[in-house]
Amino acid sequence: MIPVARKWFYILVVLGLCIAYLLRRAQDPKPGPPSTDPACASPPMDQCAFYADCLESRYQCGLAGYPIGYGQYYCQKFSNESTLFDTRGVRWMLDTMHCLQLALVSDAVNATPTTCQALRGRAFASHAGCYVGNGFCTLGVKDWEAVLEIVNIMALFSSWDALKAAIETATDCSGFYAFMVEKGIF
């Protein structure tokens, strides 16, 4: 026979596991069908609607999830602060915003869905490549300052994914500068 205290302990453990399971399911609701909207297969330049219309509408990750809480938030923030950039910086910003959206097109339109957590991981995995591939390393100091002002240095430490993307970007830029020095270009 199980003592009463131990019985209550087991009941509370099982109840806790059930609640944790239900909360986990609530974080990753069943995805909707793939989007048939042409803008989801080919996001237009200089627009941020892709995150809400193509990703959030399908995955329902919530306000703190990547599509709304990070993707759309920073897309809109960069768009609103574009006057901080010079001409080359604006081109970098637009190309990078587009690249980040293109990296997630398959999640919006493919028949096989993913989870909010996997979507977040794939999104952050594209950040350094999109930043560097569109010329981040060659931007002027004014544009780098604009990026830091928009992103806010504390946001880089808000999650491991954001910090990792920032470190990868810095590493890629240091490799670029080493190459330029080696070739005598810089």
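Only heavy atoms go into these numbers, but all of them, side chains included; no hydrogens, no water, no symmetry mates.
- Rounding to the nearest 0.5 Å places CZ of R120 at 11.5 Å from OG1 of T115.
- Atom CE of M45 sits in a crowded spot, with more than 12 heavy atoms from other residues, nucleotides or ligands closer than 6.0 Å.
- Remark: aromatic rings of Y51 and Y70 are distant, center separation not under 6.0 Å.
- Using a 30° and 60° split on the angle between ring planes, F124 and Y66 fall in the perpendicular class, above 60°.
- Looking at every heavy atom in both residues, V109 comes nearest to S35 through CG1-O, 3.8 Å.
- The backbone N or O of F85 lies less than 3.5 Å from no partner atom in the side chain of W92, so there is not a single donor-acceptor pair.
- In terms of hydrophobic clustering, with Ile, Leu, Val, Met, Phe, Trp and Tyr side chains grouped at heavy-atom distances under 4.5 Å, L84 and V141 are assigned to different clusters.
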Intermediate values then yes/no, side-chain contact (heavy atoms from CB on, under 4.5 Å), L100 and H127: CA-CA 7 Å; L100 293 170; H127 281 211; 3.5 Å; yes
side-chain contact (heavy atoms from CB on, under 4.5 Å) between N134 and C99, worked out: CA-CA 8 Å; N134 285 294; C99 177; 3.6 Å; yes
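- Between the S42 side chain and the A39 main chain, no donor and acceptor come within less than 3.5 Å of each other.
- Between R88 and D143 there is no salt bridge, since no side-chain nitrogen of the basic residue lies less than 4.0 Å from a carboxylate oxygen of the acidic one.
- A donor-acceptor pair under 3.5 Å is absent between the side-chain atoms of T96 and the main chain of M93, judged by distance alone.
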